[in-house]
Novice: 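The structure under discussion is supplied below as structure tokens; questions concerning it will follow.
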Amino acid sequence: MRLYDTMARESRELRPLDGSAFRFYCCGPTVYGPAHIGNFRTFVLQDVFRRTLETGGTRTFHVRNITDVDDKTIRDCQAAGQSLRDFTAFWTAKFHADCEALALLPPHVEPGAVEHIPQQIDMIAALIEKDHAYASDDGSVYFNIASFPAYGKLSRLDQRELELGKTQNARANSDEYEKDSLSDFVLWKARKPEDGDNFWPSPWGDGRPGWHLECSAMIREYLGADFDLHSGGIDLVFPHHENEIAQSRCACGGHFAAHWFHITHLLVDGGKMSKSLGNLYTLEDLAAKGFSAMEVRYVLIGGHYRKPLNFTLDSLHAAQEAMAKLAKGARALAAKAPAEARFDAVGFGPFQAAWDALNDDLNTPGCLGGLFTGLREAAKLDGEDAAKALAAFNRVLRALGLSLPEDEPEAEIPADILALAEERWAARAAKDWTKADTMRGQLAEKGWAVKDGKEGYELTPV
RNA sequence: GGCGGAGUAGCCAAGUGGUAAGGCAUCGGUUUGCAAAACCGCUAUUCGUGGGUUCGAUUCCCACCUCCGCCUCCA
């Protein structure tokens, strides 16, 4: 497949470096509260990316970290009166439950920062040894960005250098840390009173690792100096990913990620999500409004990952209807296909365009469109052709990670409701429309909708 | 202020140097005693605004307007 590369600023064909599995890393969540749908836009798109590779026959090796120690986790666990470990374990479990509801494939490895303190210390030691980092008097360690000329390439810092220089001078005095320059970032944070008992020993004194270092250490541990792709939200480009590149290349000597995949932010009602605006939705919030995680997934893949996507409650309704339509089309196709027919999907038939869209810079909205038009074409097919088309349809659906709603199960109808319905049907048969309509109203009040057919009626709970 | 991105029908949203996918909604039709549901169909002479290049631009170039992101923690 082809995918846009943030570093090269063009889309490129993806080829695994080692020729077998495609090895990639995704920056995971900081577990200090429930993830919101904006976070999940990133994770869902990464999931579609992985599924597309796998559907296309490429094996993958997927690493995604859990940030379980930083300023926010420490601050909030103390506020909650819990140990850091218990606090982050709780939110990690919540995150996993949400991921499962959204049908995200679990990463092959999901390392946590706390479990990898030694690896992070090793990395700092390597950086100090190579003169890329220095310890300050207070026991913190900083990376010296002046020692890495390639710094800023990903975020085009080279074009901002002049401006950044001004900023440095302006802020030099207000900086509470001792640093050679403002842009030097922290690798090891010296222990502070407000950290409580959340600190670890190191050659530079008690403290804890800096956030940027965590990902570099995980990558070094599980993917090595060179790997295929690194992904995250667009906001991580600077400084997080820029810093990762600096740390890893200086410590490991490799080229680090061969490809950079960044997902643009989700907008809500045309603007940024924020707690104060009350538009920061979690899956739980939306479930309370009657929307399933799968519907949320549909909305999140309804826009291209490099464009802002405007999330609205209305789009959730649209997703509900659209998925029902897809399900209906699939059922119609299944009804025409021989039950015993099995095919090794060779091509994609009517769904070729849908599949191609996915492989062309992960064009998920284009793919969804192709699904509908493909279904229209497939409706003309019969027998084995219908079976082949259905197999292709399901294959694309799996790549998107969508599962369609099943037929509504038959609901238990209470005896009194059934009696009312029978009475109404009799009135209707006697052409007593007034009574029939009145009784339809009564049934509606009791929460049941009645649909008349030629031979009988159908009752469904509202 | 610097850097980056976006503006396509009521809403969401693809796409392309050659005349606008798809979904939702609306509307119309079939059906129905009337509804509902279902099915079928219609709906952008036009792609933020103004110029330019071109036989031809929504697509390329310039200017402007609006919105968003990053520059501090952030998916």
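All values below come from the heavy atoms of this structure, side chains included, with hydrogens, waters and symmetry mates left out.
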Novice: Report yes if the distance between the aromatic ring centroids of Phe291(A) and His317(A) is under 6.0 Å, otherwise no.
Specialist: yes

Novice: Using a heavy-atom distance cut-off of less than 4.0 Å, which residues of residues 429-445 of chain A contact RNA chain B?
Specialist: Trp433(A), Asp437(A), Arg440(A)

Novice: Is Gly369(A) touching bases, backbone alone, or none of the nucleic acid, heavy atoms closer than 4.0 Å?
Specialist: base

Novice: Please list, by residue number, the residues of residues 307-318 of chain A whose heavy atoms come closer than 4.0 Å to an atom of RNA chain B; answer none if no residue qualifies.
Specialist: Lys307(A), Pro308(A), Leu309(A), Asn310(A), Ala318(A)

Novice: With a 4.0 Å cut-off on heavy atoms, is Asp452(A) in touch with a base, just the backbone sugar-phosphate, or nothing at all?
Specialist: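 The answer is base, as Asp452(A) lies within the cut-off (heavy atoms under 4.0 Å) of a base atom.
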
Novice: Taking any heavy-atom pair under 4.0 Å as a contact, classify Val299(A): base, sugar-phosphate, or nothing.
Specialist: nothing

Novice: Look at Arg306(A) together with Asp361(A) and state whether they make a salt bridge at an N to O cut-off of under 4.0 Å.
Specialist: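 Yes.
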
Novice: Taking only side-chain N and O atoms of Arg376(A), does any of them lie within less than 4.0 angstrom of OP1 or OP2 on G22(B)?
Specialist: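 Result: yes.
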
Novice: Is there aromatic stacking of His304(A) on A14(B) here, judged by a ring-centre distance under 5.5 Å and a plane angle under 30°?
Specialist: no

Novice: With a 4.0 Å cut-off, would you call Arg208(A) and Asp70(A) a salt bridge?
Specialist: no

Novice: Closer than 4.0 Å, any side-chain N/O of Arg306(A) to the OP1 or OP2 of G5(B)?
Specialist: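 No, because none of the side-chain N or O atoms of Arg306(A) sits under 4.0 Å from OP1 or OP2 of G5(B).
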
Novice: Describe the nucleic acid contact of Arg75(A) in one word from base, sugar-phosphate, nothing, applying a heavy-atom distance below 4.0 Å.
Specialist: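 No contact.
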
Novice: Below 4.0 angstrom, N of the basic side chain to O of the carboxylate: do Lys153(A) and Glu242(A) qualify?
Specialist: no

Novice: Grab the NE2-P distance between His212(A) and U72(B) for me, whole Å please.
Specialist: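 After rounding, the gap between these two atoms is 10 Å.
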
Novice: Could you check whether Ala322(A) gets within reach of a base, just the sugar-phosphate, or nothing at all, counting any heavy atom under 4.0 Å?
Specialist: sugar-phosphate

Novice: Provide the distance between the two C1' atoms, one in C71(B) and one in C12(B), to the nearest whole Å.
Specialist: 31 Å

Novice: Would you say C24(B) has OP1 or OP2 under 4.0 Å from some side-chain N or O of Lys325(A)?
Specialist: yes

Novice: Under 4.0 Å between a side-chain nitrogen and a carboxylate oxygen: does that hold for Glu194(A) and Arg75(A)?
Specialist: no

Novice: C67(B) pairs with which nucleotide, Watson-Crick or G-U wobble, both distances below 3.5 Å?
Specialist: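 With both distances under 3.5 Å, C67(B) matches G5(B).
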
Novice: Taking atom C1' in both U54(B) and U59(B), compute the distance separating them and give it to the nearest angstrom.
Specialist: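 Approximately 13 Å lies between the C1' atom of U54(B) and that of U59(B).
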
Novice: What I want to find out is whether Asp71(A) reaches Lys189(A) closely enough, with some N-O distance under 4.0 Å, to be called a salt bridge.
Specialist: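 Yes.
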
Novice: Between atom CD1 of Ile263(A) and atom CZ of Arg41(A), what is the distance when rounded to the nearest 0.5 Å?
Specialist: 8.0 Å

Novice: Within the 4.0 Å heavy-atom criterion, would you say Leu236(A) contacts the bases, only the backbone, or no part of the nucleic acid?
Specialist: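 Leu236(A): backbone/sugar contact only, no base atoms under 4.0 Å.
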
Novice: Give the ring-plane orientation class for Tyr281(A) versus Phe311(A), where under 30° counts as parallel, over 60° as perpendicular and anything between as tilted.
Specialist: tilted

Novice: Quick check on ring pair (Phe, Tyr, Trp, His ring centres under 6.0 Å): which of Phe49(A), Trp260(A), Phe61(A), Phe227(A) does Phe24(A) satisfy it with?
Specialist: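 Of the listed residues Phe49(A), Trp260(A), Phe61(A), Phe227(A), the ring pair (Phe, Tyr, Trp, His ring centres under 6.0 Å) partner of Phe24(A) is Phe49(A).
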
Novice: Have a look at Gly38(A) and say if it touches a base, only the backbone sugar-phosphate, or nothing, with a 4.0 Å heavy-atom cut-off.
Specialist: base

Novice: Need the pair for C60(B). Rule: Watson-Crick or G-U wobble, both distances under 3.5 Å, any strand; none if unpaired.
Specialist: G52(B)

